[in-house]
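Since the structure comes first, as structure tokens, the remarks are kept for the end.
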Amino acid sequence: MSATAPTLPDGHAQDPGKRDFLKLVAGFSAVIGVGALAWPLIDSMNPSGDVLALSSVEFDLAPVAEGQGVTIVWRGKPIFVRHRTAAEIKTAESVKLSDLGDPAKDADRVKAGHSQWIVLVGICTHLGCVPLGNKPTDPRGDFGGWFCPCHGSQYDVSGRMRHGPAPANLPVPPYAFMTDSRIKIG
Amino acid sequence: MVGLHKSEFQNPVINWIDTRLPLFTMMTKEYGVFPTPKNFNYFWNFGALAMINLMIMIATGIFLAMNYNASTAGAFDSVERIVRDVNYGWLLRYVHMNGASMFFIVVYIHMFRGMYYGSYKKPRELLWMIGVVILLLMMATAFMGYVLPWGQMSYWGATVITNLFSAIPVVGEYIVTLLWGGFSVDNPTLNRFFSLHYLMPFVITGVVFLHVVALHITGSNNPLGIEPKSEQDTLPFHPYYTIKDSVGMCVYLLVFAVLVFFVPDYLGHSDNYIQANPLVTPTHIVPEWYFLPFYAILRSVPSKLGGVLMMFGAIAVLFVLPWLDTSPVRSAKFRPIYRQLMYVFVVDVVVLGYVGGKPPSGMNVVIGQVCTAYYFLHFLVILPILGKMEKPLPLPESISNPVLTMGGGPLPGAALAKPMEKI
Ligand code: HEM
Ligand code: FES
């Protein structure tokens, strides 16, 4: 439309480029304005301050016998703590990295000098179910670690994914040994 | 078009309103005298049934919300209290719960009708696509509603479904955290799901309005799939189809009542009567029955992202169905091969639903994969090719023609046709 009206009533030639430019500027400003208004609404859905604040728990390892696994809660998520036997540590360390779907050394998944303890976020990396394997009656899968009942993923005693559909290993949460028998997660 | 409307209503009050806001004229035009093909069969009841169902869901939902407590500590107990202590609470809950199942039964049949009689073809493509949007909104609403009673299936269903988004590369994890409002499905998640579950049916109502506006521009399709040619081919919507829809509604309410009063939990899962426990996953988690075919497709693919893409793809193909089907003939009545394949397709979806409810092992996986492959084959390969190859049967000249000569038409002139029906 603007291109077909070359002169203005006061005799000045109309510049269609200027008009398009003004339209674009107005349009973009409106988009930015709406975006700026929408962001607080969207961000209000993200984790709030009080949720973020609940970020560490301590746990006493002494009662956990060799071969036993327990589940504790950190940030609303299950955390697996397992006291591994010497034989289990050996199998975990001797696996060839090329046999793993998500290659990781066992040594990198435990704290130096505490290789009998494995601490993992107990959430299947497929779609978030809690794998079985901590209770003595639970199935542990073919690799002696954990078995996810939802779609059949299997993890070894290092929490490494050995059978899909899970795409990755069980993550190791941030934690530290306070003393030899006490850890702090988070 | 500024100016008062010239109303034809005699009643002075109605006339006064109609002159200023022509609602009465509009209703008469769209639902009274609206010209409708005279050869509808009972498949054409299901749109109206879906509308009734939507109203039932909104009505029962609003009253349930008055006694529902959206918190992880109180949700499960408040639902039990509704069932045991609130006056008629059991009725409200069971109608709402089974109403969701009825809604999907009705809409799936409604969609089957659209596919069988080619209602999605030109000029009704947009009408069909708006329908698919409604289906997506319904799925989201039903999913979030199922989370509200905060049982084990609610919790783990919510966990698995929200985690689907973590398959998206790069931004996936952020989206999941945003959905949860935390690091797992928890109180903030339950609260927002309640808020959205309340909102969405009203969004659906808006989209249904567009669906009906689009329908009234193109007019309805009919079992013969040919356009009405003259006034002889149509009937005024009222009373002919208000009556026919009422017959269907009685049958629909009967089925609904059997579910509500005799087997209210038949379609549900008993694990949802166990309160949610974030540390223990039930050994066999399944979604509600109406999601099972899609769940089976998700599980048939051994890769996380692949499964999620296929599942959403299963609905995305419906969007482009009007362009995948290349046949110019609408109704399966005149497409001998397509007609058979429609039944094969229905069997395929039912089998998918069946294996979706079984544990993912052994034969179930293989059957699921074969049926998933066929689902996509049907849309992406068979329909485009079949439309070009198939030789359709000759189409009737007009709607009146076959109705008058073959009988069975619910039309005023039916008396004339009676003797010939015996042929
Ligand atoms: C809340 C859900 C829905 C409601 C309330 C609704 C309502 C209606 C109504 C009242 C009609 C007219 C009556 C009839 O032809 O049966 C109609 C027609 C139609 N609907 Fe829906 N609908 C819904 C969902 C869907 C879905 C999910 C689809 C497909 C994906 C769909 C596709 C169509 C088509 C293609 C027509 C035109 C049918 C024809 O005239 O042959 N609808 N709808
Ligand atoms: S959630 Fe564990 S295998 Fe799918």
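Each chain gets a letter, A, B and so on, in the order its sequence line appears, and its residues count up from 1.
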Quiz item: Do we get Arg192(B) above Trp180(B)'s six-membered ring, with its NZ or CZ under 6.0 Å from the centre and within 45° of the axis?
Solution: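 No, Arg192(B) does not lie over the aromatic ring of Trp180(B).
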Quiz item: For Phe183(B), is the NZ or CZ atom of Arg75(A) found under 6.0 angstrom from the centre of its six-membered ring and inside 45 degrees of the ring axis?
Solution: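 Geometry flag: set, cation within 6.0 Å and 45°.
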Exercise. Examine whether an atom of Ile42(A) lies under 4.5 Å from a heavy atom of chain B, and if so say whether it belongs to the side chain, the backbone or both; otherwise answer neither.
Key: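 Both backbone and side chain of Ile42(A) come within 4.5 Å of chain B.
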Chain A contact via [X] - which portion, at a heavy-atom distance below 4.5 Å:
{"X": "Ile285(B)", "value": "side chain"}
{"X": "Pro359(B)", "value": "neither"}
{"X": "Ile175(B)", "value": "neither"}
{"X": "Thr177(B)", "value": "both"}

Quiz item: Would Phe193(B) and Phe143(B) count as a close aromatic pair, with their ring centres under 6.0 Å?
Solution: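 Yes, ring centres under 6.0 Å apart.
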Exercise. Heavy-atom pairs under 4.5 Å with chain B are the metric here; pick the option from Lys77(A), Met45(A), His151(A) that has the most.
Key: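 Most heavy-atom pairs under 4.5 Å with chain B: Met45(A).
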Quiz item: Any side-chain heavy atom of Asp142(A) sitting closer than 4.5 Å to one from Gln154(A)?
Solution: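 The answer is yes, as the side chains (C-beta and beyond) meet within the 4.5 Å cut-off.
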Practice problem: Could you give me the CA-CA distance, side-chain angles and deciding distance for Asp156(A) and Ser158(A), then say whether side chain to side chain donor-acceptor pair (under 3.5 Å) is met? | Solution: CA-CA 5 Å; Asp156(A) 66 13; Ser158(A) 193; 4.6 Å; no
